[in-house]
Amino acid sequence: MGKLSPRHAVVDNNICVACGSCADICPMGAMEIVSGVFARPVEERCVGCGRCARECPASAIRVEVRS
Amino acid sequence: MNKQRRWYHYLWLWSIIYFSLGLVNILFAWLGLISFCLPLILAIGGGNKLFCNRYCDRGQLLRVMGSQAGLSMRREMPEWMKGRAFRYGFMVFFFAMFFNIIYVSWLVASGIQGLNEAVTVLWSLQLPWSWSYSSGIEPWVAQFAFGLYSLMLTSEIIAIAAMLIYKPRSWCVFCPMGTLTQTICRARYVPTIK
Ligand code: SF4
Ligand code: SF4
Ligand code: SF4
């Protein structure tokens, strides 16, 4: 795996309803739903494109600069 | 990354088949119980929302209509609609309506009430639906079918309205089955350090 992209998706677990829309839309297959509770991006795969954030009905995703 | 299409990506067709079958014969409405039982079995038995994430026909239909066909206006949902009070309140209301269907079916079975051959939309508008019912079937069986079809149709209308106005899968934010299964999964969840 190459180096990480400068931006990545961050999910607010308190807002996420674990619907899976983000995982459905992610072109990198980078979103996983953890035990039916919340979504979590796989850091090595996420390229910070923001498609998941646009799709998320609960507005639980932000795209941020990696710290 | 190219996503492979799998058989379950076409389950949205089930929504169309289900509502069409109910037009022909109301007894097919009983099949709606699959959408009640399967998510619960997966959540209780497997501790996951695989039904929502993979197998839900409605979730997929909203994606196909809203995202793929571009029918969604994609507005942000109001905050109160995403809040816990509304989500849990709607879930309680929805399941109260479901248990009311069982209660009314029991009233019909015990002869206290007669069969109402109508589909009720949005808990108020009664649509005559007698053509889809032929006598010879136990009236309570038909009553439950009319009730369940009404509930499924009502929630489908709300889901599509939410898809049109807000983001495609906005219904999933306050869907009673989604809220219930997430609650079950949350209760079972043991965090692991990653
Ligand atoms: S789309 Fe949003 S609410 Fe749904 S699983 Fe992803 S982060 Fe959670
Ligand atoms: S930002 Fe893009 S790559 Fe990252 S999880 Fe979201 S959709 Fe996938
Ligand atoms: S939240 Fe409801 S409509 Fe959405 S995928 Fe889950 S069960 Fe289906």
Side-chain angles (χ1 to χ4, degrees), chain A, chain B residues 1-4 9 39 42-44 46-56 58-60 62-64 66-68 72 74-79 81-84 87 162-163 166-175 177-192 194:
Chain A
M1 204 44 88
K3 72 178 174 72
L4 297 176
S5 67
R7 294 163 74 81
H8 69 154
V10 178
V11 178
D12 185 335
N13 295 351
N14 291 316
I15 305 174
C16 174
V17 297
C19 66
S21 306
C22 50
D24 243 7
I25 202 86
C26 175
M28 304 305 291
M31 272 291 184
E32 55 182 23
I33 308 298
V34 182
S35 306
V37 183
F38 55 82
R40 179 172 60 198
V42 179
E43 293 300 333
E44 299 77 32
R45 286 198 213 143
C46 177
V47 294
C49 67
R51 286 185 66 178
C52 54
R54 277 195 294 279
E55 202 69 13
C56 175
S59 311
I61 309 175
R62 291 182 320 275
V63 176
E64 293 180 355
V65 174
R66 278 185 209 269
S67 50
Chain B
M1 187 173 285
N2 216 348
K3 282 204 178 171
Q4 226 185 331
H9 288 128
L42 290 170
I44 296 167
N48 60 57
K49 279 199 28 159
L50 211 54
F51 183 77
C52 291
N53 305 154
R54 189 177 286 178
Y55 303 121
C56 178
R58 179 173 298 173
Q60 289 191 17
L62 297 174
R63 172 180 54 80
V64 167
S67 291
Q68 286 172 224
S72 175
R74 291 182 170 273
R75 292 192 189 160
E76 284 294 324
M77 279 174 96
E79 286 305 315
M81 261 192 187
K82 296 186 251 179
R84 292 210 173 162
R87 289 181 63 211
M163 175 276 293
Y166 307 115
K167 290 189 186 174
R169 284 186 57 185
S170 290
W171 161 261
C172 297
V173 174
F174 57 93
C175 165
M177 284 317 298
T179 306
L180 182 60
T181 50
Q182 190 190 25
T183 306
I184 294 167
C185 290
R186 192 170 271 141
R188 287 186 43 138
Y189 179 58
V190 183
T192 48
K194 209 190 163 188

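What you see is a predicted model; the values in this text were computed from it and never measured. Quick note: numbers below take in every heavy atom, side chains included, and nothing from hydrogens, waters or symmetry partners. Naming: A, B, ... by sequence-line order, numbering from 1 per chain.
- If you measure heavy-atom distances from K167(B) to chain A, the contacts under 4.5 Å come from the side chain alone.
- Counting only distance, with no hydrogens or angles, the side chain of Q182(B) and the backbone of C16(A) share a donor-acceptor pair below 3.5 Å.
- Judged by distance alone, with hydrogens and angles left aside, the side-chain atoms of K49(B) form a donor-acceptor pair with the main-chain N or O of V17(A) at under 3.5 Å.
- In this structure, the portion of A23(A) lying under 4.5 Å from any heavy atom of chain B is its backbone and not its side chain.
- C185(B) and S35(A) make their closest contact through CB-O, 3.2 Å (heavy atoms, listed as atom of the first residue, atom of the second, distance).
- Interface remark: R63(B) contributes side-chain atoms only to the contact with chain A (heavy atom separation under 4.5 Å).
- Only the side chain of R74(B) comes within contact range of chain A, with at least one heavy atom under 4.5 Å from a heavy atom of that chain.
- Crowding of R66(A) atom CZ: a count of heavy atoms from other residues, nucleotides or ligands under 6.0 Å exceeding 12.
- Using modelled atom types, no side-chain atom of R169(B) and backbone atom of C56(A) make a donor-acceptor pair closer than 3.5 Å.
- Across all non-hydrogen atoms, the minimal contact from A18(A) to C52(B) is O-CB, 4.5 Å.
- Counting heavy-atom pairs closer than 4.5 Å to chain B, the top residue among A58(A), A60(A), A30(A) is A58(A).
- Proximity to chain A (any heavy atom under 4.5 Å) is shown, for R54(B), by neither the backbone nor the side chain.
- N53(B) places no side-chain N or O within 3.5 Å of a backbone atom of I33(A) that could act as its donor or acceptor partner.
- Annotation: maximal heavy-atom pairing with chain A below 4.5 Å, among M77(B), H9(B), R87(B), occurs at R87(B).
- Distance check: E79(B) CD to S59(A) OG gives 7.0 Å after rounding to the nearest 0.5 Å.
- To the nearest 0.5 Å, atom CD of residue E55(A) and atom OG of residue S72(B) are 8.0 Å apart.
- Counting heavy-atom pairs under 4.5 Å between each of K82(B), M81(B), R188(B) and chain A puts K82(B) at the top.
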